[in-house]
Structure formats: structure tokens, C-alpha cells
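Encoded as C-alpha cells, the structure appears first; notes follow it.
Lettering of chains follows the sequences in order, A, B, ..., and the numbering in each one begins at 1. Predicted model, so just to flag it, every value in this text is computed and none were measured. For the numbers below, each heavy atom of this structure counts, side chains included, while hydrogens, waters and symmetry mates do not.
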Amino acid sequence: MPLPPPLPRNFYERDPRAVARELLGKILLRRMGRKIVAGRIVEVEAYMGKNDPAAHAFAGMTNRNSVLFGPAGHAYVYFTYGMHHCMNITCEGTDRAGSLLLRALEPVAGFREMGEARKLPWDKEDANPAKLRLLASGPGRLCQALRIDRQHDNGKDVTARDSDLQVVDALKEVPTLEKYKVVTATRIGITKAAEMKLRYLLAGNPYVSVKA
DNA sequence: TTATAGATTGCCT
DNA sequence: GGCAATCTATAAT
């Protein structure tokens, strides 16, 4: 079964707030050897680069955040709280350093692989949203489920067909999202610019990490 | 069901 | 030295 092509770079070369709305419902795809692990993106946060006090890019370029200052459509993966990785996709051009933090996935393929990566053994007979939610609902969880870390994945081009980490359009065989509306809410876990509503999520989707 | 504390390390001042 | 774009277990209600 052929996979759809990754979204093109110009999809990301826009204001992060505009990209955020359209990224919801798209599929984050991970190749793990011969296996495909995939999840539907149901929650993201926009970071407005150099103009956004909550963004890593706000204080200027450092070794840690340099990917943010590069071209759009690349993975910015960082390590935080001494134990978690988080993944962003860079937006805009090389001048503004905007990005989108991926906060939650609805698993669509590779449940067993996600469970193993999360050390939550997957039992097919016991499949229910409450259990599935533990796989990739949250920025640290989704990186763990897809085995995404800074060492291997920071800077990867998610628009390249041969990439083991890419974003593709919704898969035909997956039920549609028409019943979910995009809503905005405040971002999670930040102290600066905490009032800005730059979190975008699918209202009512059970895989969102924090309800609006 | 909600609230709180502790884990644990790399980055930047 | 301080703290972080988080998660989990445990306690309290």
C-alpha cells in the first residue's frame, strides 16, 4: 500500500497560526524499520519565534534552538525536565523562527509499537479510548511513542519522501474529522505570555491532552 | 475526581 | 545556580 506524499515545504512557510489550523487532522508518520507508526495530530501550540516571550527563539539563537532559525518544515526536538523530549515543526522562513509544538496524537497505526516504546504493553482485546489515550496524548508521550529524540531527530526534514519522520495528508481509510471543530485555548506549561490563545485543538476529540 | 510533589539533566546566566 | 513548552504516582476530597 503506497503512502501519500509528505506535505510540501510551502505548507509550512506561513504564519504558524495559519499552519496550526490546517495541521490538525494531518498524520504524523514514523518509519520504525519495516513498521509504520502513525497518529492523527489533534492538538498543537503555535510559537511566534523572536516576537514571542514564551518561545525558545525569543532570547536569540543558541546551539539548542538553532533549528528554529533554519528553513520551514524541519523537526525541532528538545529535551526538557531532565527526561522528556518535545517535537516542533518549524514554520515561516529563516528570519522569524516560528514553530508548532505537537502536543497530542490520536493513534491510527502501530499501536503495538507505540505501547512497547511507552512501556505500556498493548492488549488488542483491551482497546478503548482511555487506554489508547496513554500512548500519545501529551508532547512528551508522543515523542516517546514514536521514539523521537533530540539525538536522532532534531533538524530532520519532515517534507522529504525518504524521511523516517514526515507529515502526510489524512489517510483515506481513516474516518473523517468533520465532526470536530478547531478551537483555540491558552498554551500549557509556560509562564510568559501565558494569556495568549495559541493552542489549537479539535474540540471534543478524546485524544487532546488538556480540554479547552 | 482533582491536587500536589518528585523525578532528573542539559542549557543558559 | 536556577529552572524548564512534562509525566506519573500518590494523597486528599
Side-chain angles (χ1 to χ4, degrees), chain A residues 12 15-17 19-21 23-24 28 39 41-70 72 74-92 96-107 114-122 128-156 158 165 167 183-201 206-212:
Chain A
Y12 302 102
D15 186 303
R17 292 167 293 197
V19 182
R21 291 185 173 277
L23 195 58
L24 294 177
L28 181 64
I41 299 167
V42 298
E43 180 184 358
V44 301
E45 282 177 2
Y47 285 88
M48 306 302 291
K50 291 188 292 190
N51 306 317
D52 180 355
H56 288 177
F58 185 68
M61 188 167 77
T62 65
N63 183 58
R64 179 204 202 196
N65 68 17
S66 62
V67 172
L68 289 173
F69 294 82
H74 288 255
Y76 165 52
V77 181
Y78 66 90
F79 182 71
T80 191
Y81 292 108
M83 64 191 82
H84 296 294
H85 295 272
C86 294
M87 173 180 169
N88 289 241
I89 300 178
T90 58
C91 294
E92 304 180 293
R96 302 180 68 98
S99 68
L100 295 172
L101 170 68
L102 306 185
R103 282 199 57 89
L105 301 180
E106 174 179 344
M114 287 194 208
E116 285 170 3
R118 291 266 300 126
K119 302 191 165 112
L120 300 170
W122 176 248
N128 62 70
K131 287 281 176 65
L132 274 169
R133 232 185 75 84
L134 296 175
L135 292 176
S137 180
R141 287 172 174 173
L142 82 84
C143 283
Q144 201 181 350
L146 272 59
R147 299 188 190 276
I148 293 165
D149 65 48
R150 173 174 150 90
Q151 181 84 9
H152 295 101
D153 301 301
N154 188 42
K156 258 182 195 166
V158 301
L165 189 61
V167 181
V183 298
T184 61
T186 54
R187 295 177 289 184
I188 306 294
I190 57 170
T191 55
K192 290 169 285 190
E195 74 290 349
M196 299 188 74
K197 296 178 76 171
L198 291 175
R199 186 161 62 97
Y200 295 76
L201 56 99
Y207 299 94
V208 164
S209 72
V210 179
K211 288 178 186 173

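Leu101(A) comes within 4.0 angstrom of a nucleotide base, judged by non-hydrogen atoms across all strands. Note on Ala59(A): nothing from the nucleic acid sits closer than 4.0 angstrom, heavy atoms only. Arg64(A) comes within 4.0 angstrom of sugar-phosphate atoms only, judged by non-hydrogen atoms across all strands, and of no base.
In this model, no side-chain donor or acceptor of Tyr81(A) finds a partner on the base of dA7(B) within 3.5 Å.
Closest to the side chain of Tyr76(A), out of dT9(B), dA7(B), dA5(C), is dA5(C).
Between Arg150(A) and the phosphate of dC11(B), there is a side-chain N or O to OP1/OP2 separation shorter than 4.0 Å. Taking only side-chain nitrogens and oxygens, Thr80(A) never comes nearer than 4.0 Å to OP1 or OP2 of dA5(C). Taking side-chain N and O atoms only, Arg118(A) has no distance below 4.0 Å to OP1 or OP2 of dC7(C).
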Quiz prompt | Canonical and wobble pairing (Watson-Crick, G-U, under 3.5 Å) of DNA chain B, dot-bracket with | | solution = |||||||.||||.
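Surrounding CZ of Arg118(A) are more than 12 heavy atoms belonging to other residues, nucleotides or ligands, all under 6.0 Å away.
Checking Thr191(A) against Gln144(A), the closest nucleotide of DNA chain C that is more toward the 5' end is the one next to Thr191(A). Annotation: of the two residues near DNA chain B, Asn65(A) and His84(A), the 5′-most nearest-nucleotide partner is His84(A).
Stacking is not found between Tyr78(A) and the pyrimidine-like six-membered ring of the dA5(C) base under the 5.5 Å centre-distance and 30° plane-angle cut-offs.
A salt bridge links Asp52(A) to Arg187(A): at least one charged side-chain nitrogen sits closer than 4.0 Å to a carboxylate oxygen.
When side chains are defined from C-beta on, Arg17(A) counts as touching Tyr200(A), because their heavy atoms get closer than 4.5 Å.
His74(A) and Tyr12(A) form no side-chain donor-acceptor contact under 3.5 Å, judged by distance and modelled atom types alone.
If you take CG on Leu165(A) and CG on Leu146(A), they are separated by 7.5 Å, rounding to the nearest 0.5 Å.
The nearest pair of heavy atoms linking Leu101(A) to Pro139(A) is CD1-CB, 4.3 Å.
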